[in-house]
Amino acid sequence: MNYSHAPSILEINTWPWLAAQSLTLDSLKPTELETLVRGRDYLWLMGLWERSATGRTIARTHPGLQYEYRSALPDYTPADVVGSAYAIRNYSVDPALGSEAGLARVRRTLNALGSGLMVDFIPNHAAVDAHWVEARPDWFIPCGEKPGNECFVAGSSALAHGRDPYFAPWTDTAQFDYASPQAREGLKAQLFSLAERADGVRCDMAMLMLREVFERTWNRDPGVEFWAEAIAAVKARYPSFVFIAEAYWGLEWKLMQLGFDFCYDKTLYDRLRTRNAPGVAAHLRADPQFSNRVVRFSENHDEPPALQIFGRGWWSATLLCATVPGAFLEYLGQGERTMRLPVQLGRAPQTVSNPEARAFLDRLAIFRRTLGEDFTVNDCPTPQVVSYRRGAYTFFINLAEQGVQFNNGTSDLLLPASGAMVLQESQAEVQEIDWLRMQVA
């Protein structure tokens with residue numbers, strides 16, 4: 001893996017995207033995929049796998065989720081609730097989305113276009129009615145309590161719901177037991193199956209499998225680091241297969257050392273969100289061994305829409321994420337949606353199309369590939385501005401909600417509120433990149 005050319009990844013919420021077009025994976029046309037992935041290295045089909053029928057019932061009756069559904073989709077009906085994309089029954093394409101043959105055809109098309117297919121792996125838990133729960137209850141954490149928020153009964157076994165140490169359990173899931181060698185081997189085999197069908201995997205909540213975290217959460221010591229064993233084994237057979245970790249709590253470097261190619265960069269997102277320009281600049285000065293292997297994003301399916309968080313500055317935050325070292329994650333439709341869609345819904349509300357936003361993201365994806373490897377963070381000319389140089393380009397990102405004027409050492413520059421400017425040095429001239437003069441109301 002050449003980390004100096006970290007990939008760009010386009011995430012799609014597969015179910016509502018296909019439903020809106022009355023399509024399946026089998027009926028997608030190559031031209032539609034070509035338009036999507038132009039300039040992108042991977043297409044991440046989020047929510048691809050078979051969902052749980054029991055999980056769907058839980059999602060339709062869970063009181064706490066009803067407000068989220070109505071906020072995101074005011075006219076939602078129970079039929080719109082298809083179950084969580086992260087409480088899966090089986091790692092096969094959900095029949096509502098198409099077939100395994102359709103998925104294979106999509107991958108072949110993407111590969112022919114120079115892009116790869118990325119899929120989900122949910123290592124912490126399975127759905128309560130997953131085939132493994134019935135066939136291999138010994139792969140899951142046993143529970144001595146009565147059924148409820150902590151436990152459920154499957155056949156003759158009482159099993160624990162999946163959770164992380166800081167939140168209530170997910171009641172539509174069963175918690176894998178990483179202290180079980182058989183469970184670890186089963187999950188490793190599942191990763192081999194995914195590597196046969198895709199080019200990369202986004203591993204949900206990857207830090208929960210770390211030995212120290214698992215032991216703290218469940219008082220059970222796996223004795224080994226699952227990720228070190230699993231990633232090494234898969235890469236021995238599929239060396240180009242890419243592992244991406246959703247990771248928090250400052251554990252990114254630990255996961256990289258265990259073999260992950262890239263880890264989420266929540267620190268950068270949080271500092272952008274709080275408009276902390278000095279903090280952003282300091283973070284971007286991290287060692288290249290780290291900064292080249294993080295995934296920058298201004299939006300994904302777990303976070304509120306960039307338009308909601310950053311307002312008209314969504315594009316300048318996205319510009320920064322795309323042009324600093326590291327991988328770049330883009331979520332289809334960012335710059336247009338104003339509400340986060342819960343992962344249990346299979347239909348999204350109609351949004352007002354924003355051709356300017358789409359054109360910006362398309363051009364940004366292509367522009368990103370022209371950037372050089374050299375990267376330097378400049379001293380901030382004002383406390384509100386992040387400035388850096390990448391190859392022949394110098395970037396100025398104003399994170400403040402008011403305009404700012406400053407001198408960059410050679411001339412006076414004026415940045416609008418939440419605006420940005422990119423200068424290119426060419427043949428002793430300094431030119432502003434015209435297409436980046438973008439304002440989104």
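Index from 1, following the sequence.
- Listed by first then second residue, pairs satisfying ring pair (Phe, Tyr, Trp, His ring centres under 6.0 Å) with a partner in residues 327-349 number zero, not counting sequence neighbours.
- Counting heavy atoms from C-beta outward, Arg271 and His283 have side chains that approach closer than 4.5 Å.
- Residues satisfying the ring pair (Phe, Tyr, Trp, His ring centres under 6.0 Å) test with Trp132, not counting sequence neighbours, are Trp139, Phe176.
- In this structure, Thr394 and Ser387 have side chains that are in contact, with non-hydrogen atoms separated by less than 4.5 Å.
- Proximity of a side-chain donor or acceptor of Arg358 to a complementary backbone N or O of Gly335 within less than 3.5 Å is not detected.
- Just one of His125, His62, His161 meets the ring-ring contact (aromatic ring centres under 6.0 Å, His included) condition when paired with Trp170; it is His125.
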Review point. Could you walk me through whether Asp177 and Phe140 pass the side chain to side chain contact (heavy atoms under 4.5 Å, CB included) check?
Key: CA-CA 5 Å; Asp177 183 3; Phe140 298 87; 5.7 Å; no

Exercise for review: Give the C-alpha distance, both sets of side-chain angles, the deciding distance and a yes or no for side chain to side chain contact (heavy atoms under 4.5 Å, CB included) between Phe262 and Glu252.
Suggested key: CA-CA 9 Å; Phe262 300 96; Glu252 298 87 352; over 6 Å; no

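- Taking the six-membered ring where the residue is Trp, Trp218 and Phe214 present tilted rings, their angle falling between 30° and 60°.
- By the 4.0 Å N-to-carboxylate-O rule, Arg340 lies too far from Glu303 to be salt-bridged with it.
- Thr173 places a side-chain N or O within 3.5 Å of a backbone atom of Gly162 that can act as its donor or acceptor partner.
- Trp15 does not carry Arg347 over the face of its six-membered ring by the limits of under 6.0 Å from the centre and within 45° of the normal.
- Remark: Asp199 engages Arg107 in a salt bridge, criterion side-chain N to carboxylate O under 4.0 Å.
- Using a 4.0 Å cut-off between charged side-chain N and carboxylate O, Arg337 and Glu299 make a salt bridge.
- Residue Cys143 comes nearest to Leu159 through the heavy atom pair CB-C, 3.6 Å, listed as atom of the first residue, atom of the second, then distance.
- By the 6.0 Å and 45° rule, Arg237 stacks over the aromatic ring of Phe192.
- Listed for the Arg390 side chain is a donor-acceptor partner under 3.5 Å among the backbone atoms of Thr323.
- For the pair Lys266 and Asp302, the salt-bridge criterion is not met [side-chain N within less than 4.0 Å of a carboxylate O].
- Asp362 has a carboxylate O that lies under 4.0 Å from a charged side-chain N of Arg40, or vice versa, which qualifies the two as a salt bridge.
- Between Arg89 and Glu50 a salt bridge is recorded (basic side-chain N to carboxylate O distance below 4.0 Å).
- Taking the six-membered ring where tryptophan is involved, the planes of Phe260 and Trp227 are perpendicular, since the angle between them exceeds 60° and thus also 30°.
- Between Phe360 and Trp314, the two ring planes are perpendicular [angle over 60°; tilted spans 30° to 60°].
- Salt bridge status for Arg369 with Asp41: present, with a side-chain N to carboxylate O gap under 4.0 Å.
- Salt-bridge annotation for Glu32 and Lys29: absent, with no side-chain N of the basic residue lying under 4.0 Å from a carboxylate O of the acidic one.
- Comment: Arg220 does not engage Glu215 in a salt bridge, judged by the lack of any side-chain N to carboxylate O separation of less than 4.0 angstrom.
- Outside the 6.0 Å centre-distance limit, the rings of Tyr91 and His131 are not counted as a close aromatic pair.
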